[in-house]
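Only one structure is covered here, and it is reproduced in the block below.
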Amino acid sequence: MRENKFQMFELTEILPAGWLKEQLKIQANGLSGVLYDVWDSVGSYNAWLGGTGDNWERAPYFVDGILPLAFYLKDEKLEKIAKNYVEWMLDSQDEEGNFGPEETKKDWWSRMVAMKVLVQYYEITKEERVLEFMHKYYHFQYEALKDNPLSAWGKIRCADLVYCIKWLYERQPQEYLLELAELLVEQSDDWNSLLRKFPFVLPAEYYYDWKTIERYAKEEIERLMKFHHSHIVNVTMGLKYPALTSWLSGEDKEDILKAGLDTLKKYHGVATGAINGDEHLAGNNPNRGTELCAIAEYMFSLQIILEIFGGAEYADLLERLAYNSFPAMFSEDYMGHQYLQQVNQIKATNEERGWYNNLSDSNTYGLEPNFGCCTANMHQGWPKLLKSLWYKEDNGIASIVFAPNELRTVWNGEEVRIEEKTEYPARLEVRYHMHKVPQASFVFRIRIPGWCQAYSLTVDGKEIEHKREEGYVKLCRKFEEGQVVAIRFEAQVQMSE
């Protein structure tokens, strides 16, 4: 196995403050807070609550976002909804170890999303039965995959489950978990081969005529056009694959990730950092669309990539998405969202545009424009950003993505409490108030954004000597409680690549 460059903190150790907490409140007062009551797909009749409603990915998607949101805000209504879903999942496990609605018991993908929910639930509650549940399911899956191998969405998105297995292995290392992860990778679509020399450098219509293909059955469509390899959400999910297979195999596959990112940026990238895909890869014309699900999943992929590879450039990209592309896809009150965003959009109207195979309402703001996957999946973006703000390493901690928050953790047996005060990205100063710090020296890293030409770094107002390496300021010293570390970035107008 490959050592992580960094290690994520648990969900409960980084708490929102300032504008980020206000954004979470707006989200909870918007669609995230009312969706259970107004949208049947995730309401009380859902099959993941034992009802007759939707039995696939929508409820797990929904809970994957509202569970951390409810925790951060101590929102009793959302906590109750999320807990009801989780309790039903846990109670639904059969003797073999499988779980979930009976109608989709053989589907792997929806369970992958559910396992991401349980990762977060354990970090919040520390309930041991969650770990027992996960082990039982993974033992079942290891055997069941031999007769029911990965297919379709599970085959292309299995990196999400490898992440969950990695998470469990780091807490309770058992050899079978690595064997299961290896089996999943063996059965998956190989994103390492795809990203090494990415085959789709033109918009999807240059390869496949949708009007000809759409009349065929679903399985035939997937075969005829390699549907899953050019599907934009699959692509942004697949970007975590090189990092996770690096962790699993011990081989460094970061060059594959960089090659894939370079190709996608060159041929399908836009100024916001997003990758164009109006369902399928769409080229870099600013008139084409980027799907909301793809942005949310891209952000999550980068969070995992940062943990394993650690490069500051991944945080640059994550901030670009989080602070440009993602928020533009919502109405101010979070009561409406777009399915597709155009970089140069001047109006959000229901009319024909040059999408590959999305509907004409795709860039309007509403409850369910085009298709409901984004309505279910959009909730994870802001809450999961919290776990990207700080990472830890053996000899210290690192401030990597900037937003107002408070870090409360125990590092090497000592309490640490650091309050990060900032209006970033609206203002370019970040101040770290050291309320509780270790008694001995430790390493404190601060990322220097790639767009920053110069910066000033002070402790209690006095400039200090420091090292700079691989995109990070590195302070190795003993801090005193009450000290304030401040960094101010300078930026010049640049042409976007």
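Nothing fancy with the numbering, it's 1 onward along the sequence.
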* Measure the acute angle between the ring planes of Tyr424 and Phe402, then classify it against the limits of 30° and 60° as parallel, tilted or perpendicular. => perpendicular
* To do: Would you check, one step at a time, whether the test salt bridge (charged side-chain N to carboxylate O under 4.0 Å, His left out) holds for Asp64 with Lys384?
  => CA-CA 9 Å; Asp64 192 40; Lys384 286 190 179 179; 2.6 Å; yes
* Asked: Counting heavy atoms not belonging to Lys155, are there more than 12 under 6.0 Å from its NZ?
  -> yes
* Evaluate the salt bridge (charged side-chain N to carboxylate O under 4.0 Å, His left out) criterion for residues Arg223 and Glu219: first the C-alpha distance (whole Å), next the side-chain angles of each, then the deciding distance (0.1 Å), finally the verdict. => CA-CA 6 Å; Arg223 185 188 68 82; Glu219 293 76 13; over 6 Å; no
* Asked: So do Trp48 and Met89 actually touch side chain to side chain, heavy atoms under 4.5 Å?
  -> yes
* Any side-chain donor near an acceptor of the partner, Gln341 and Glu291, under 3.5 Å -> no
* Can you tell me which residue pairs pass the ring pair (Phe, Tyr, Trp, His ring centres under 6.0 Å) test with a partner in residues 299-320, sequence neighbours excluded? => Tyr163-Phe300
* To do: Give a yes or no on whether the ring-centroid distance for His268 and Phe200 is below 6.0 angstrom.
  => no
* His231/Trp153 under ring-ring contact (aromatic ring centres under 6.0 Å, His included): CA gap, chis, key distance, verdict -> CA-CA 11 Å; His231 186 278; Trp153 302 100; 5.3 Å; yes
Tabulate below the donor-acceptor pairs under 3.5 Å that side-chain atoms of residues 100-116 make, not counting sequence neighbours, or state none.
from, atom 1, to, atom 2, distance (Å)
Glu102, OE2, Lys105, NZ, 3.1
Thr104, OG1, Asn55, O, 3.0
Thr104, OG1, Arg111, NH1, 2.8
Thr104, OG1, Arg111, NH2, 3.4
Lys105, NZ, Asp94, OD2, 3.1
Asp107, OD1, Trp56, NE1, 3.4
Asp107, OD2, Trp56, NE1, 3.0
Asp107, OD2, Ser110, N, 2.9
Asp107, OD2, Ser110, OG, 2.6
Trp108, NE1, Asn148, O, 2.7
Trp109, NE1, Glu57, OE1, 2.8
Arg111, NE, Phe99, O, 2.9
Arg111, NH1, Thr104, O, 2.9
Arg111, NH2, Phe99, O, 3.0
Arg111, NH2, Pro101, O, 3.0
Arg111, NH2, Thr104, O, 3.4
Lys116, NZ, Asp160, OD2, 3.1

* salt bridge (charged side-chain N to carboxylate O under 4.0 Å, His left out) evaluation trace for Arg129 with Glu87 -> CA-CA 11 Å; Arg129 64 179 178 142; Glu87 290 292 341; 2.5 Å; yes
* Does a sphere of radius 6.0 Å around CD in Glu332 hold more than 12 heavy atoms from other residues, nucleotides or ligands, not counting ones at 6.0 Å or beyond? -> no
* Sub-3.5 Å donor-acceptor pair from the side chain of Tyr45 to the main-chain atoms of Gly50, do we have one? -> no
* Structure fact -> Only residue of Phe330, Tyr72, Tyr334, Phe326 satisfying ring-ring contact (aromatic ring centres under 6.0 Å, His included) with Trp382 is Phe326
* Within 6.0 angstrom of Glu95 CD, more than 12 heavy atoms from elsewhere -> no
* To do: Just do the side-chain contact (heavy atoms from CB on, under 4.5 Å) check on Ile232 and Thr290 with the steps written out, would you?
  => CA-CA 8 Å; Ile232 183 59; Thr290 295; 5.8 Å; no
* **Asn363/Tyr339 under side-chain contact (heavy atoms from CB on, under 4.5 Å): CA gap, chis, key distance, verdict** => CA-CA 6 Å; Asn363 89 327; Tyr339 189 85; over 6 Å; no
* Is there side-chain contact between Lys387 and Glu123, with heavy atoms separated by less than 4.5 Å? -> yes
* To do: List the steps, then state whether salt bridge (charged side-chain N to carboxylate O under 4.0 Å, His left out) holds for Glu96 with Lys136.
  => CA-CA 8 Å; Glu96 289 184 308; Lys136 187 174 180 180; over 6 Å; no
* Asked: Between His229 and Asp189, is any pair of side-chain heavy atoms under 4.5 Å apart?
  -> yes
Result block: side-chain N/O donor-acceptor pairs under 3.5 angstrom for residues 369-376, not counting sequence neighbours:
from, atom 1, to, atom 2, distance (Å)
Asn370, OD1, Leu359, N, 2.7
Asn370, OD1, Ser362, OG, 3.3
Thr375, OG1, His337, NE2, 3.0
Thr375, OG1, Leu367, O, 2.7

* pair Leu195-Leu239: side-chain heavy atoms closer than 4.5 Å -> yes
* Asked: Should we count OH of Tyr267 as having more than 12 external heavy atoms under 6.0 Å?
  -> no
